[in-house]
Q: 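Have a look at this one before I ask anything.
All values below come from the heavy atoms of this structure, side chains included, with hydrogens, waters and symmetry mates left out. Numbered from 1 within each chain, the chains take letters A, B, ... in sequence-line order.
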Amino acid sequence: MSKPSVPQGMRDLTPEVVRRRQYIFSTLRNIFEQCGFQPIETPSMENLGTLMGKYGDEGDRLIFKVLNNGLNEAAKHDKTRAALENVLSGRNDANLTERALRYDLTIPFARYVVMHQHELQFPFRRYQMQPVWRADRPQKGRYREFWQCDCDIVGTNSLINEAELLYIYREAFYRLQVPQVIVRINSRKVLTGIAQFCGAEEKLVDITTAIDKLDKIGSEGVSKELQQRGLTEEQLNNILRLINIRDLAEMEAAFSEKEIHTGLDGIKELKDTLAYHDTLGSSTWNNSEIKIDFTLARGLSYYTGVIVEVNCADERVQMGSIGGGGRYDDLTGLFGLKNLSGVGVSFGIDRIYDVMEQLELFPESIAVGTKAMIVNTGGANEHYALGILQQLRTKGIAAEIYPEPVKFDKQMKYIFNRNIPFSIIIENEERETNTVRVKGFPEAGQLRMGIDELIEKLA
RNA sequence: GAGGUAGUAGCUCAGUUGGUUAGAGCGCCAGUUUGUGGCACUGGAGGUCGUGGGUUCGAGACCCAUUUAUCUCCCCA
């Protein structure tokens, strides 16, 4: 028998880790609920057709596909063999796989909206916190199974929604106390405008993926990549000029000069969003900022309007984006429901966890589970102890009893290692006088007290 | 999908140009003592050296494959 293991890129989570993750989840859930979002869940698997073609070629490659059952049935052999040939040549075939693990939460949500459209009240605000799977090569901050926390609003074009989502990002990272949070914002329309500006709209995808890498490979790298994609010298110079603009007004002037309407629409979107956000925002935020970044592109192909991405700029962490999102004007159109615009953001909670762990941002208090443990001295004392245990739990105090009357040493060590703050000692004397002895008060040693006092002190 | 680095006890790691029964610290178990927590002392358990092949008289060490982790590219949360 070989050693047991888990699949590549997937992990067991220890009690300490789960508690910390739950701290993040509950922080986000509180904000979502406060902002009027409703929770939904969708299945781990979707029909393959629901997912394919939604995330670009690279995304398709990373979808975990599930092999059909019953392929060994003789009657299906011919079909299965034919299907395998299809798969070998790079196509999908429902005779081999018809289901896949979900790749993100947005596409399943779009599918959900279409299927439940007649029972939903629009604008519909939902949040969803579930794992997603990607067949990517694991790296730092990159897992094959990870959780996303999404909130989306569908059925409204208002930029108030964009502003609210910016609020949610900043409020969340404020409550979690993640330092140096940068929320970068751009509009796909600005990117289209840039492509139109230099007369290369048909190369929009090439241009956006190239300039998305600006901070990584620099202007020279971008030029090189765009040259390979067949852009002329003049087009290149125009792009380099535009992507070095950091200022809304300046970009607006550039678009005006050539009457690039799409680009000007994008600028207006950004202006309005920021104006709403200024009113909505909180003056107590001291750990985050919003930055216009005309080179922000984001990979997912379905975005059409404002896009955002969040990073932690603290030098001590080297982490990719910890959240992202944007507006998609016709996502439900893919499933037959036209003219429904949506906008949403996603929190990458595994990465947020890694950042918080590295920066030691988790409060001590969340590590505590059991508050008090009763030392077991056996005999009649056990029943007396169980009665007290019952009373503590009724009062909402998390308590345990050591299940065996082994020696004090061992029990005390267990209590210490479990990080349980209070130990309750019950021997004959305590039982006979209806009291307990308690350790765990700083600078107080052991205290003898009655049950009511015990409950009062621990509550 | 391409490449680099790594894998020895539950954990952190030693292991000299390949050479007897593979070690340490911590942890764990038993005991002693303090007759009620991290101390001290004594003893003990636990490893087919990631897995599978190969080279060799002999492999933890060298070679190949495979698997997992980690990093870079690609892409992303």
Q: Would you say Lys140(A) places a side-chain N or O within less than 4.0 Å of OP1 or OP2 belonging to rU72(B)?
A: no
Q: Within the distance-only criterion (no hydrogens, no angle test), does the side chain of Gln130(A) pair as donor or acceptor with the backbone N or O of Thr42(A) below 3.5 angstrom?
A: yes
Q: Measure from the ring centre of Phe408(A) to the centre of the six-membered ring in the base of rG35(B), then say whether that distance is under 5.5 Å and the planes meet at under 30°.
A: no
Q: Indicate whether OP1 or OP2 belonging to rA69(B) is found under 4.0 Å from a side-chain N or O atom of Gln8(A).
A: yes
Q: Base of rC71(B), side chain of Arg137(A) - is there a donor-acceptor contact under 3.5 Å?
A: no
Q: Describe the nucleic acid contact of Gly9(A) in one word from base, sugar-phosphate, nothing, applying a heavy-atom distance below 4.0 Å.
A: sugar-phosphate
Q: Give me the distance, rounded to whole Å, that separates rG27(B) from rA22(B) when you measure between the P atoms they each carry.
A: 25 Å
Q: Compare side-chain N and O positions of Gln139(A) against OP1 and OP2 of rU72(B) and report whether any pair is under 4.0 Å apart.
A: yes
Q: When you measure from the side-chain N and O atoms of Arg298(A) to the phosphate of rA77(B), is any distance below 4.0 Å, counting only OP1 and OP2?
A: yes
Q: With no hydrogens and no angle check, do the side chains of Arg144(A) and Gln8(A) hold a donor and an acceptor under 3.5 Å apart?
A: yes
Q: So, is Lys410(A) close to the rC29(B) phosphate, meaning a side-chain N or O under 4.0 Å from OP1 or OP2?
A: yes
Q: Can you tell me how far P of rU70(B) sits from CE of Met10(A), to the nearest Å?
A: 14 Å
Q: Using the C1' atom as the point on both nucleotides, what is the distance between rC26(B) and rA9(B), in whole Å?
A: 12 Å
Q: Considering only the P atoms, how many Å lie between rA59(B) and rG52(B), rounded to the nearest integer?
A: 15 Å
Q: Is Tyr143(A) touching bases, backbone alone, or none of the nucleic acid, heavy atoms closer than 4.0 Å?
A: base
Q: I'd like to know if Gln446(A) reaches the base of rU36(B) with its side chain, counting only an N/O donor and acceptor under 3.5 Å.
A: yes
Q: Would you say the rings of Tyr167(A) and Trp285(A) are close, in the sense that their centroids are separated by under 6.0 Å?
A: yes
Q: With distance as the sole test, does Lys224(A) use its side chain to make a donor-acceptor pair with the main-chain N or O of Val222(A) at under 3.5 Å?
A: no
Q: In whole angstrom, give me the gap between the P atoms of rG44(B) and rG4(B).
A: 47 Å
